[in-house]
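This one's a predicted model, so the numbers in the text were calculated from it and none came from an experiment. Just so it is clear: chains get the letters A, B, ... in the order the sequence lines come, proteins before strands, and each one is counted from 1.
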2 protein chains.
Amino acid sequence: MASKHDHSHAIEEVARQLPSDELLCDLGDLFKLFGDTTRIKILYSLFESELCVCAIAELLKMEQSAISHQLKILKEAKLVGSRRSGKLNIYYLADDHVRAIIGQGFEHLTEDEK
Amino acid sequence: MASKHDHSHAIEEVARQLPSDELLCDLGDLFKLFGDTTRIKILYSLFESELCVCAIAELLKMEQSAISHQLKILKEAKLVGSRRSGKLNIYYLADDHVRAIIGQGFEHLTEDEK
DNA sequence: CTATCATATGAACAGTCATTCAGATGAACG
DNA sequence: CGTTCATCTGAATGACTGTTCATATGATAG
């Protein structure tokens, strides 16, 4: 069975090397986090220094609520962390992988302008 | 101007180091490509060897049409390329950055299981 | 305690997007 | 040519998701 022409052996070979469905889904979900301009900007903003919510909102010229929503998503994914300082909630990058991943994407974009 | 408490100096500092809006958008668009389970699976399938459309469809147990749509997106983004071989259209990874980016994401997922 | 500032939250809306279905294209082969 | 197989394409649909608006929470200062 399978289709008309037979490449079942090749398929099995590839299938064997393919990570589990769950891992591949997690991988997709991870990249989904980076796949939004606002979130990318937030993460990038936190590259150099931690920032409070309203500073990020000002920086990106967006409503505080929008930033807050995205920060929540990033925090649930453990890409950022936060701490209180008086009235301010200060957010910071929680993981150095964030820099590595964005860095790779950056390289891809800047290297091959042909 | 600005908000009630003043962090304009910090904001300007960060803003100076922030890449252009256009680049950040491109970055988001790039990661968006990886942010879909089907596309991740397709790309991963092509890690080891090039494959024709129907082989990918079989491998992922999905309709050929769905695969074809996603391949088109990946090709427009120049992440994959294709060549004809008889009746078959064979797709392959067009860029080694794809491996690097997915590899980074993979590392993030596998390293920190706490 | 009350007013105020920073932030969080929930519902609603709009836009995006992946999949499906039906049909078109295009190469190979008799 | 006409058929067959592999692939592509476009429209339609349903699901998802980012933003906004209005409001709630929570901490601080007076």
Side-chain angles (χ1 to χ4, degrees), chain A residues 1-8 10-11 24-25 28-43 45-46 50-77 80-92, chain B residues 2-8 10-11 24-25 28-43 46 50-77 80-92:
Chain A
M1 51 188 68
S3 72
K4 297 304 166 61
H5 76 278
D6 188 21
H7 30 39
S8 49
I11 293 178
L24 289 169
C25 284
D29 289 341
L30 175 64
F31 284 119
K32 216 166 288 176
L33 294 169
F34 295 89
D36 173 75
T37 306
T38 300
R39 284 194 293 267
I40 281 279
K41 287 180 180 176
I42 292 176
L43 291 172
S45 304
L46 298 176
E50 50 181 28
L51 291 169
C52 66
V53 180
C54 62
I56 300 175
E58 246 184 273
L59 178 64
L60 305 188
K61 298 177 178 52
M62 292 182 59
E63 292 207 3
Q64 170 270 319
S65 178
I67 302 298
S68 211
H69 278 296
Q70 296 309 324
L71 281 171
K72 186 183 185 184
I73 293 173
L74 291 173
K75 188 172 183 180
E76 281 171 354
V80 305
S82 73
R83 64 180 178 82
R84 267 262 173 201
S85 168
K87 296 185 202 169
L88 304 178
N89 250 358
I90 299 187
Y91 284 80
Y92 49 86
Chain B
S3 71
K4 298 304 165 64
H5 76 278
D6 188 22
H7 30 40
S8 48
I11 293 176
L24 288 168
C25 284
D29 289 340
L30 175 64
F31 283 120
K32 215 167 288 176
L33 294 169
F34 295 88
D36 173 77
T37 306
T38 300
R39 283 194 293 267
I40 281 279
K41 287 180 180 174
I42 292 176
L43 292 172
L46 299 176
E50 50 181 28
L51 292 169
C52 66
V53 180
C54 64
I56 300 174
E58 246 184 273
L59 178 63
L60 304 187
K61 297 177 179 54
M62 293 182 59
E63 291 207 5
Q64 171 270 318
S65 177
I67 302 297
S68 210
H69 277 296
Q70 297 309 323
L71 281 171
K72 186 184 184 184
I73 293 173
L74 292 172
K75 189 172 183 180
E76 281 169 355
V80 306
S82 73
R83 64 180 178 82
R84 268 262 174 201
S85 169
K87 295 185 203 171
L88 303 178
N89 250 357
I90 299 188
Y91 284 80
Y92 49 87

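Rounded to whole angstrom, the span from the NZ atom of B/K87 across to the P atom of D/dA6 amounts to 6 Å. One can place CG of A/L33 at 14 Å from C1' of D/dC16, the figure rounded to the nearest angstrom. The separation between A/I73 atom CD1 and D/dC16 atom C1' is 12 Å, rounded to whole Å. At whole-Å resolution of the value, CG in B/D36 and C1' in C/dT16 are 13 Å apart. Note: CD (A/E76) to P (D/dG18) measures 12 Å, nearest angstrom. Going from atom CD1 of A/I67 over to atom P of D/dG18 covers 13 Å, rounded to whole Å. As rounded to whole Å, 12 Å separates atom P of D/dC16 from atom CG of A/D29. Counting to the nearest Å, the P atom of D/dC8 and the CE atom of B/M62 are 14 Å from each other.
Residue B/R84 has no polar side-chain atom (N or O) positioned under 4.0 Å from OP1 or OP2 of D/dT7. Between A/Q64 and C/dC5, a side-chain N or O to OP1/OP2 separation shorter than 4.0 Å is absent. Under 4.0 angstrom from either OP1 or OP2 of C/dA8 there lies no side-chain N or O belonging to A/S65. The phosphate of D/dC8 (OP1 or OP2) has a side-chain N or O of B/Y91 nearer than 4.0 angstrom. In this structure, A/Q70 does not reach the D/dT17 phosphate: none of its side-chain N or O atoms is under 4.0 Å from OP1 or OP2.
Rounded to the nearest 0.5 angstrom, B/S68 OG and B/I73 CD1 are separated by 10.5 Å.
Considering only heavy atoms from C-beta on, A/I40 comes within 4.5 Å of A/F34 through its side chain. By the 4.5 Å heavy-atom criterion applied to side chains, B/M62 and B/K41 are not counted as neighbours.
C/dT9 has its base stacked against the ring of A/H69, the centroids being under 5.5 angstrom apart at an interplanar angle below 30°.
Comparing D/dA6, C/dG10, C/dT7 against the side chain of A/C52 picks out C/dT7 as the nearest.
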For side chain to side chain contact (heavy atoms under 4.5 Å, CB included), just list the numbers for B/L71 and B/N89, CA-CA rounded to whole Å, side-chain angles, deciding distance to a tenth of an Å, and then say yes or no. CA-CA 11 Å; B/L71 281 171; B/N89 250 357; over 6 Å; no

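Side chain of B/R39 to backbone of B/K32: a donor-acceptor contact under 3.5 angstrom is found.
Along DNA chain D, the nucleotide nearest B/K72 and the nucleotide nearest A/T38 are compared for position; the residue whose nucleotide lies closer to the 5' end is B/K72. Nearest-nucleotide positions on DNA chain C place A/V53 closer to the 5' end than the other of A/V53 and B/E63. Where B/S85 and A/I90 meet DNA chain C, the nucleotide closest to each residue was compared, and A/I90 sits on the side nearer the 5' end.
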